[in-house]
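Letters A, B, ... mirror the listed sequences (proteins, then strands); counts begin at 1.
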Amino acid sequence: MKSFTVLQGVAAPMDRANVDTDLIIPKQFLKSVKRSGFGPNLFDELRYTDEGQPGQDCSTRTLKADFPLNQARYQGASILLARENFGCGSSREHAPWALEDYGFRCIIAPSYADIFYNNCFKNGVLPVVLEASVVEGLFAEMYATPGYQLSVDLDSQLVTTPAGAQHAFDVDAFRKHCLLNGLDDIGLTLESSAAIRDYESKWRQQSPWLFDVIK
Amino acid sequence: MSGKTLYDKLWQSHLVEQREDGSALIYIDRQLIHEVTSPQAFDGLRLAGRQPWRLDANLAVPDHNVPTEARERSGGVAGIVDPVSRLQVQTLDDNCRDFDIVEIDINDVRQGIVHVVGPEQGATLPGMTVVCGDSHTSTHGALGALAHGIGTSEVEHALATQCLVQSKMKNLLVRVDGQLGPGVSAKDVALAVIGEIGTAGGTGYAIEFGGEVVRAMSMEGRMTMCNMSIEAGARMGMVAVDDITLEYVNGRPYAPTGDLWEQAVDAWKDLHSDADAVFDRVVELRGEDIKPQVTWGTSPEMVLPVDGILPDPAAMDNDTRRTATERALEYMGLSAGMAITDIKPDRVFIGSCTNSRIEDLRAAAAVVKGKTIASSIKQALVVPGSGEVKKQAEAEGLDKVFLDAGMEWREPGCSMCLAMNADKLGAGEHCASTSNRNFEGRQGFGGRTHLVSPAMAAAAAVAGHFIDVRDL
């Protein structure tokens, strides 16, 4: 996993509440057995006029001009400004894969769906939670300022605006540690192998019907 | 000190390690695997040179991509026409063979939607922790299990370590007391709850469903309720174990028998919240107040009783809500002030992990029996949740009832719930659907979904428009 320390980048809007993972990456692209290459199909139904198909060359498709990511001012964006309950719906990790593949390393929103929020951290994407009123302010500044950039510092847990305003955010200590260092958390968990085995043998004695049944 | 909730108990019994930073290692008893969210996890294991921690904890079944037409289905994996779908199902077969994981394959009579198959086979049991790379894993909470969806990285993590790193959720009790009226089902209760608390109302919480209505519900109904927890924002929903649970589990193929059964039942009797347990939040509804529900928009919280009138965005103060309502009405091709009963579905879909169990099919069949679907309905699909459900329904003659009414009787799978196979809506088409999500494009590009109960879907099929099933 890519580490995340400090990100300075252009912010782009996804200005609606309850953006679901079907909208982030439609189901036909879930048929891929790979975890990369989803970027061109991020927000496919909002981005293109036609229905996208897996394996299609997206460079020849007609873009919807009113969709922000198709506009010159948001090109190269790495921070997505979003609204309440971003990432609701399915548990598909293809959603953060698509965001990351497109180039987004950070999302800023007032709230997220639980599974999506968790999936982001597994893929080097930082989901920042800020108060709705603060996010509203960032949207207003972004719309008023072409090329609007934000700086996100995970270590100090701060979002800094071009005017120098700073907004602190919370992040769980374990997730922060993994993201800052780009750690594979399977490796970390396996360091507790002895504790897992110990638990497992006690649990097996206590609940033998849970073991050796499916084989 | 106050008592424990059911969630507290399940958490505590699976706690391997509590860490200083607030995270915890939680042991996973059962992982269910399907073809869409697992290939990258198996690849990850291969890349790192890892093996599954405990083979017997896993059970795989393909469901999302499988064709539901008998002819295409009869060819097995090789017969799947869409090459991309075929590759994904084939990849699951290959991975299960390579890693020695038990798989119920495409034409096994036990095959079906993973969340129907798990409880049906006794592969998910009370007191278990259950995960699957699918958000509707919350379904299994109906058995008194701690069950939730995970992403592919966690599928790999659970395969490799038999654990997940988690933080404890808060406790939310949804209590539905009183009694449901005739024609009102678990689906209507679930939609009414979502209408009440919103699609993010349960975010950060584990939901326990309780109260007289839930206690009186069948296991199928409880599964429908828990299935829809995620549409209320909660990763998991659960119901305390009682005699209805035990009666359902007893005799299932993977359920314990003999002395082990007695021992298990003893342990399961504690799987309820203590009388003095404290919940962080309690939401109460009365069963009598719940009418059959129909969603009109593009989020499950955009729901109304069948006698409702579509909302007028112009009358809304909140900007986000107003724009969301405007956008939803536009996408759905509907207008403010219209009656729910004036909406005319083009297609009807009865199926999905929410509503494809035998009781759901019985409820739908009871409505269409002796009737025919309206001529304006282009297609009415009935897709049983598993081969076992199909077999049972056919033994009861339900397939004949549906076919006689002009509906199609299909092979089991996820089908038009998310349209990863050939079953999908055309652009602009409305669907009366017993599935769980009415998101834009969910059932097909430009498709318009209305979530309803099986009885209400059947009623709409007959009437050609939404109608209170009690008025049919």
(message) For A:D22 and B:R442: C-alpha separation, side-chain torsions, deciding distance, then whether salt bridge (Lys or Arg N to Asp or Glu O under 4.0 Å) applies.
(response) CA-CA 7 Å; A:D22 279 81; B:R442 169 84 179 179; 3.1 Å; yes
(request) Please report the C-alpha distance between A:N118 and B:E154 in whole Å, then the side-chain angles of each, then the deciding distance to 0.1 Å, and finally whether the side-chain hydrogen bond (donor to acceptor under 3.5 Å, both in side chains) criterion is met. (result) CA-CA 9 Å; A:N118 194 42; B:E154 288 193 325; 2.9 Å; yes
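Counting only distance, with no hydrogens or angles, the side chain of A:K27 and the backbone of B:G441 share a donor-acceptor pair below 3.5 Å.
Between the NE2 atom in B:H136 and the OG atom in A:S91 there is a gap of 9.5 Å [rounded to 0.5 Å]. B:Q40 CD to A:S36 OG: the interatomic distance, rounded to the nearest 0.5 Å, is 9.5 Å. We find the CD-CG distance between A:Q28 and B:L418 to be 10.5 Å, quoted to the nearest 0.5 Å. B:S13 contributes atom OG, which lies 5.5 Å from atom OH of A:Y199 (distance to the nearest 0.5 angstrom).
Contacts between A:R83 and chain B at a heavy-atom distance below 4.5 Å are absent for every atom of the residue. Contact of A:T21 with chain B is not made at all, since no heavy-atom distance falls under 4.5 Å.
Ion pair B:K168/A:D172 not flagged as a salt bridge, since none of the NZ, NE, NH1 or NH2 atoms sits closer than 4.0 Å to an Asp/Glu carboxylate oxygen. Using a cutoff of 4.0 Å between basic side-chain nitrogens and carboxylate oxygens, B:E440 and A:R16 are scored as salt-bridged. Looking at B:D82 and A:K31, a side-chain N of the basic residue comes within less than 4.0 Å of a carboxylate O on the acidic one, giving a salt bridge.
Annotation: maximal heavy-atom pairing with chain B below 4.5 Å, among A:D185, A:N123, A:D198, A:L30, occurs at A:L30. When each of A:A173, A:A113, A:S193 is scored by its heavy-atom pairs under 4.5 Å with chain B, the top score falls to A:S193.
Residues of residues 48-65 of chain A that come closer than 4.5 Å to chain B, counting heavy atoms only, are A:T49, A:D50, A:E51, ordered by residue number.
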Atom pairs and distances, donor-acceptor, side-chain atoms in residues 26-39 of chain B, under 3.5 Å, two or more places apart:
{"unit_1": "B:Y27", "atom_1": "OH", "unit_2": "A:E200", "atom_2": "OE2", "d": "2.4"}
{"unit_1": "B:Y27", "atom_1": "OH", "unit_2": "B:R54", "atom_2": "NH1", "d": "3.0"}
{"unit_1": "B:D29", "atom_1": "OD1", "unit_2": "A:W203", "atom_2": "NE1", "d": "2.8"}
{"unit_1": "B:D29", "atom_1": "OD2", "unit_2": "B:H14", "atom_2": "NE2", "d": "2.6"}
{"unit_1": "B:D29", "atom_1": "OD2", "unit_2": "B:T129", "atom_2": "N", "d": "3.0"}
{"unit_1": "B:D29", "atom_1": "OD2", "unit_2": "B:T129", "atom_2": "OG1", "d": "3.4"}
{"unit_1": "B:R30", "atom_1": "NE", "unit_2": "B:A123", "atom_2": "O", "d": "2.6"}
{"unit_1": "B:R30", "atom_1": "NH1", "unit_2": "B:D56", "atom_2": "O", "d": "3.2"}
{"unit_1": "B:R30", "atom_1": "NH1", "unit_2": "B:A57", "atom_2": "O", "d": "3.3"}
{"unit_1": "B:R30", "atom_1": "NH2", "unit_2": "B:A123", "atom_2": "O", "d": "3.4"}
{"unit_1": "B:Q31", "atom_1": "NE2", "unit_2": "B:V155", "atom_2": "O", "d": "3.3"}
{"unit_1": "B:H34", "atom_1": "ND1", "unit_2": "B:V36", "atom_2": "N", "d": "3.2"}
{"unit_1": "B:H34", "atom_1": "ND1", "unit_2": "B:H64", "atom_2": "ND1", "d": "3.4"}
{"unit_1": "B:H34", "atom_1": "NE2", "unit_2": "B:T37", "atom_2": "OG1", "d": "3.3"}
{"unit_1": "B:H34", "atom_1": "NE2", "unit_2": "B:G133", "atom_2": "O", "d": "3.0"}
{"unit_1": "B:E35", "atom_1": "OE1", "unit_2": "B:D63", "atom_2": "N", "d": "3.0"}
{"unit_1": "B:E35", "atom_1": "OE2", "unit_2": "B:H64", "atom_2": "N", "d": "3.0"}
{"unit_1": "B:E35", "atom_1": "OE2", "unit_2": "B:N65", "atom_2": "N", "d": "2.6"}
{"unit_1": "B:E35", "atom_1": "OE2", "unit_2": "B:N65", "atom_2": "ND2", "d": "3.1"}
{"unit_1": "B:T37", "atom_1": "OG1", "unit_2": "B:G133", "atom_2": "O", "d": "2.8"}
{"unit_1": "B:S38", "atom_1": "OG", "unit_2": "B:H34", "atom_2": "O", "d": "2.7"}

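Of the options A:L190, A:I186, A:I196, a side-chain contact (heavy atoms from CB on, under 4.5 Å) to B:C163 is made by A:I196 and by none of the others.
By the side chain to side chain donor-acceptor pair (under 3.5 Å) test, A:T189 is found to be paired with B:H157, residues two or more places apart in sequence or in another chain being considered. For A:E84, the salt bridge (Lys or Arg N to Asp or Glu O under 4.0 Å) criterion is met by no residue, not counting sequence neighbours.
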